Amino acid sequence: MKALRAAGALAAALCAVVALAALAAPPAQRLVTVGGAVTEIVHALGAADRIVATDTTSTWPATAQALPKVGYQRALAAEGVLALRPSHLIATADAGPPVVLNQLRGAGVQVMQLPAEHSAAEVGRSIRAVAAALSMQAAGEAMAARFEQDWAAARRDIAPLPGKPRVLFILDHGGGTPMVAGDDTAADAMLGYAGAANVMAGRFRGYRPLTLEAALAAAPDVIVTTDEALAAAGGRAAFLARPGLSALPAARAGRLVSMDALRMLGFGPRLPEAVRELARAVRAS
């Protein structure tokens, strides 16, 4: 009898401990990820099950496309985000507008923005920062170390490639006026990493509308754009036939390279393979 009472007391005590532990445990994170690179990092860390929504730039991996969307990263609305009851919003520096981010903070959402720097070093720092926000520091350190090893290998692969192709990068996802990339852009950084020369470097910062005069004066060997730009234009031939491009020798010769926008410009964990692909493609076109 005493043994039964002791067993019952032990079971009750264990139940009490479990109940107290459950009360003390932090609530499960509910993440909204804004920016394709952020979403990729969270997935690669193995925390995809914590994501309740992403923005429209989060197109990879494919499972991210099935999640609810909070709109474009630069045009967030507080009501739409708060309706998902997030605990955290992790975003790139491009996310906004600032007033919306402040509204989310005021509502108790933990908002973290990653720095705006288009560099391999920043990718490693971003991996570690996101991992820390998810209390996954060990996984983040391991992932960052793998990324840094892959990046070093990519640099070794690219170093012996011949020549320095002169490249004109064009951004156009809406079928409107094409924009060309100048300094301080993801495209400019990618071209540099790929061992290519951005023909618009040193002329201006950011993106500016393409003009025929500037394009002819730049005399690019190769034109680089995104797969999304080709789709918006109606295909490869239609893209190269557009005013401002059709007169270029590179366009007439069909020297055009395209890649998925997030893969090429996202500066996420896939950066090493993206740079390898771009470096080889601009020399083979």
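What you see is a predicted model, and the numbers here were worked out from it, not measured in a lab. We count residues from 1, following the sequence as given.
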Between Arg276 and Glu273, is the closest basic N to carboxylate O distance under 4.0 Å? no
Would you call Met190 and Val224 a side-chain contact if the rule is heavy atoms closer than 4.5 Å? no
Check: Thr59 main-chain N/O paired with Gln65 side-chain donor or acceptor under 3.5 Å: yes
Mind checking the CG-CG spacing from Asn198 to Asp188? Nearest 0.5 Å is all I need. 4.5 Å
For the student: nearest non-hydrogen atoms of Leu76 and Pro97, plus distance: O-CD, 3.7 Å
Main-chain N/O of Gly202 paired with Asp183 side-chain donor or acceptor, under 3.5 Å: yes
Under 30°, 30 to 60°, or over 60°: which ring-plane class applies to Phe267 and Tyr193, parallel, tilted or perpendicular? tilted
Which of these passes side chain to side chain contact (heavy atoms under 4.5 Å, CB included) with Val199: Leu168, Ile223, Val180, Val222? Leu168
Member of Ile127, Asp94, Val130 meeting the side chain to side chain contact (heavy atoms under 4.5 Å, CB included) criterion with Leu114: Val130
Would a distance-only check, ignoring hydrogens and angles, find a side-chain to backbone donor-acceptor pair under 3.5 Å from Arg283 to Gly163? yes
Can you find a pair of side-chain heavy atoms, one from Leu210 and one from Thr177, that are under 4.5 Å apart? no
Say you draw a straight line from OG1 of Thr33 to NE2 of His88; how long is it, rounded to the nearest 0.5 Å? 13.0 Å
Okay, side chain of Gln113, backbone of Gly96: is any donor-acceptor separation there less than 3.5 Å? no
Side chain to side chain contact (heavy atoms under 4.5 Å, CB included) with Gln73: which of Thr56, Val34, Val38, Thr54? Val34
To the nearest 0.5 angstrom, please state how far the CZ atom of Arg205 sits from the CG atom of Asp184. 4.5 Å
For residues Ile41 and Ser126, determine if any side-chain heavy atom of one lies less than 4.5 Å from a side-chain heavy atom of the other. yes
Once you round to the nearest 0.5 Å, how far does CG of Leu230 lie from CG of Leu256? 5.5 Å
Measure from the side-chain N and O atoms of Ser87 to the backbone N and O of Arg30, and report whether any donor-acceptor pair falls under 3.5 Å. yes
Below 4.0 angstrom, N of the basic side chain to O of the carboxylate: do Arg242 and Asp172 qualify? yes
Stepwise side chain to side chain contact (heavy atoms under 4.5 Å, CB included) check, Met136 with Met143: CA-CA 11 Å; Met136 299 178 69; Met143 180 180 165; over 6 Å; no
Taking the side chain as every heavy atom from C-beta outward, state whether Gln29 and Leu134 have any pair of such atoms under 4.5 Å apart. yes
Would you sort out whether Val42 and Arg50 count as a side chain to side chain contact (heavy atoms under 4.5 Å, CB included), showing the intermediate values? CA-CA 9 Å; Val42 175; Arg50 306 187 198 183; 5.7 Å; no
Expected output: side-chain Arg280 to main-chain Leu161 donor-acceptor under 3.5 Å: no
Answer yes or no: does atom CZ of Arg203 have more than 12 heavy-atom neighbours from other residues, nucleotides or ligands under 6.0 Å? yes
Can you tell me how far CG of Asp227 sits from CE of Met259, rounded to the nearest 0.5 angstrom? 8.0 Å
Report the distance from atom CG of Leu191 to atom OG1 of Thr185, rounding to the nearest 0.5 Å. 7.5 Å
I want to check something: taking the side chain as every heavy atom from C-beta on, are Leu101 and Pro98 in contact at a cut-off of under 4.5 Å? no
Mind listing the closest non-hydrogen atom pair of Leu240 and Gly254 along with its distance? CD1-CA, 4.0 Å
Can you check whether Ser246 reaches Arg252 side chain to side chain, under 4.5 Å on heavy atoms? no
If we only count heavy atoms from C-beta on, is the Val52 to Leu67 side-chain gap below 4.5 Å? no
So which atom in Asp221 and which in Arg255 form the shortest heavy-atom distance, rounded to 0.1 Å? O-NE, 2.6 Å
Looking at side-chain heavy atoms only, is the closest gap between Leu171 and Thr225 below 4.5 Å? no
